[in-house]
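Structure first, then comments.
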Amino acid sequence: MSSFVIQGGRRLEGQIRVSGAKNSILPIMAASLLTRGECVIRSTPDLDDVATMVRILTNLGAKIRFGSEGDGGRRYIRITADVLTGYEISAELMGDMRSSIVVMGPLLSRLGKFRVSKPGGCSIGSRPINFHIRGLEMLGARIRDEHGYIDGEAGSLVGRDIHLDFPSVTATENIMMAAVYAEGPTVIRNAAREPEVVDLQNFLNGMGARVAGAGLDTVRITGTKTLHGVEHTVIPDRIETGTYIAAAAITGGDVVLTDTTPEHADAVIAKFREAGVAIETGRDFIRVRPQTALRSTDFKTMPYPGFPTDMQPQAMAMMCFARGTSLITENIFDKRFAHADELLRMGAAIEVGSRLAVVRGSGRLSGARVRATDLRAGAALVLAGLGAQGTTTVEGIGHIERGYENMEGKLRGVGADIERVEG
Ligand code: EPZ
């Protein structure tokens, strides 16, 4: 696995252009299975997870082409799923990316069947999909879960009133996509309110679907007969945005994040301001100005619009540089503190329970050799390395490259001393 080698202590200065949202483009790519028409998806980030979804859709028979607009322009992807030749996602591809479960809904709608290998847990906890299964069964699917595979089939799907026990993001998205051709109305109550769910609603409606309410806790879908191709631009990545706000804050830098949507990062901006980060926002940019001292602050992760769990590791890294005690409560996943052990190797003082971490910030960390255990933990370790004294080597950066486009280039572009080392 490749590593990043980071010489800490450099103030970041300059501009970072935010990429399209990973957690938006993945369900949107899956939704392209719902039509025979061509879907053009703009602002496509160059991520390993996007490449995995390309392999999944290609294996199902979709034709996919990449392009870019003008010189240095944004990438786009053209997906045409006019003839589907399969309905199974291999265990290998499912293992590469758990979120490939978002193909279940579209395959049920388009073909009336799917076969996926049961996604395992991962380093942030057990990741059951019982809400997905129950929602699809309520729409009329018959689902068998045996020998590590999940088989789904449905002669016809009928709209129902579905209440989610928890506002699961991808369960909301799977049910939306399974309901677009269902007979009659479907209502999803206690739906996830994330901006990525709204982006999917807009993509589906651009195809001729009738979806309303995304962004609130009740999403309504009225089944239609056919859907056509669509051109859509993916929203900016709010987690990448928050990650680079933290990078600027930790280094006392002056960084402008462009092509982003500040209101999607409201909770992050509010909490980081509470921690002493000087943040200005405009229509599509965020500026972090130098600040002298970060303040210890408590964080509680919640479903959107609360503080996002995907920013919890980055917040923990930042609190190591604040003097004082910060309490971090992880309410979404049951094992999302693996990055704390790695931060301890850098001299952090963190005590971890199952859902609560106590960070006793000293204002400084020392460089060390650390290992990324998942995408956001890896990002947190890079942030820690940027602020630490000395050299930090972050191993296992393949995790990071699943969800951050060109992190090394973007950080070098604002003055970070970071180098990718193979092997
Ligand atoms: C999405 O995952 C995101 N991934 C995650 O981002 C994000 O952390 C998560 O939402 C929470 O915001 C994508 O959108 C591709 P959930 P998802 O279903 O949908 C439990 C990243 O780093 N649950 O909202 O899988 C689950 O165990 C990734 O970009 C069930 O119990 O998350 C968790 O505790 C990590 N049964 C909670 O709900 C289910 O059927 C929230 O999970 C489904 C979920």
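Just so you know, ligand 1 is whichever comes first in the structure, and atom 1 is the first atom listed for that ligand. Basis for what follows: all heavy atoms, side chains included, without hydrogens, waters or symmetry-related copies.
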Point to revise | CZ (R115) with more than 12 external heavy atoms under 6.0 Å | key: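 Enclosed.
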
Check your understanding: For ligand 1, is there an N or O atom under 3.5 Å from any N or O atom of F166?
Key ->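 N/O-N/O distance below 3.5 Å does not exist for this pair.
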
Exercise for review: Around atom 3 (C) of ligand 1, find the nearest protein heavy atom and jot down its residue, atom name and distance.
Suggested key: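 Answer, as residue, atom name and distance: N23 ND2, 3.7 Å.
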
Exercise for review: Name the closest protein heavy atom to atom 24 (O) of ligand 1, giving the residue it belongs to and the distance to 0.1 Å.
Suggested key: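 Closest protein heavy atom to atom 24 (O) of ligand 1: V169 N, 3.0 Å.
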
Heavy-atom gap [X] to ligand 1 smaller than 4.0 Å:
X    : answer
P128 : yes
R336 : yes
S126 : yes
E196 : no

Point to revise | Set of salt bridge (charged side-chain N to carboxylate O under 4.0 Å, His left out) partners for R273, sequence neighbours left out | key: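 Partners of R273 by the salt bridge (charged side-chain N to carboxylate O under 4.0 Å, His left out) criterion come out as none, since no residue qualifies.
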
Which of the numbered atoms in ligand 1 are below 4.0 angstrom from a heavy atom of [X]?
X    : value
H132 : 40 (O)
D310 : 5 (C), 6 (O), 7 (C), 8 (O), 21 (C), 22 (O), 28 (C), 29 (O), 35 (C)
N130 : 30 (C), 31 (O), 36 (N), 39 (C), 40 (O)

Practice item. If a pair satisfies salt bridge (charged side-chain N to carboxylate O under 4.0 Å, His left out) and one of its residues is in residues 198-219, list it, with sequence neighbours excluded. Key: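 Counting only pairs at least two positions apart or across chains, no salt bridge (charged side-chain N to carboxylate O under 4.0 Å, His left out) contact touches residues 198-219.
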
Thinking salt bridges, do [X] and [Y] make one under a 4.0 Å N-O criterion?
X    : Y    : result
K22  : E405 : no
E231 : R42  : yes
R371 : E342 : no

Check your understanding: Counting heavy atoms only, which of Y304, F131, F333 is nearest atom 26 (C) of ligand 1?
Key ->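 Among Y304, F131, F333, the closest heavy atom to atom 26 (C) of ligand 1 belongs to F333.
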
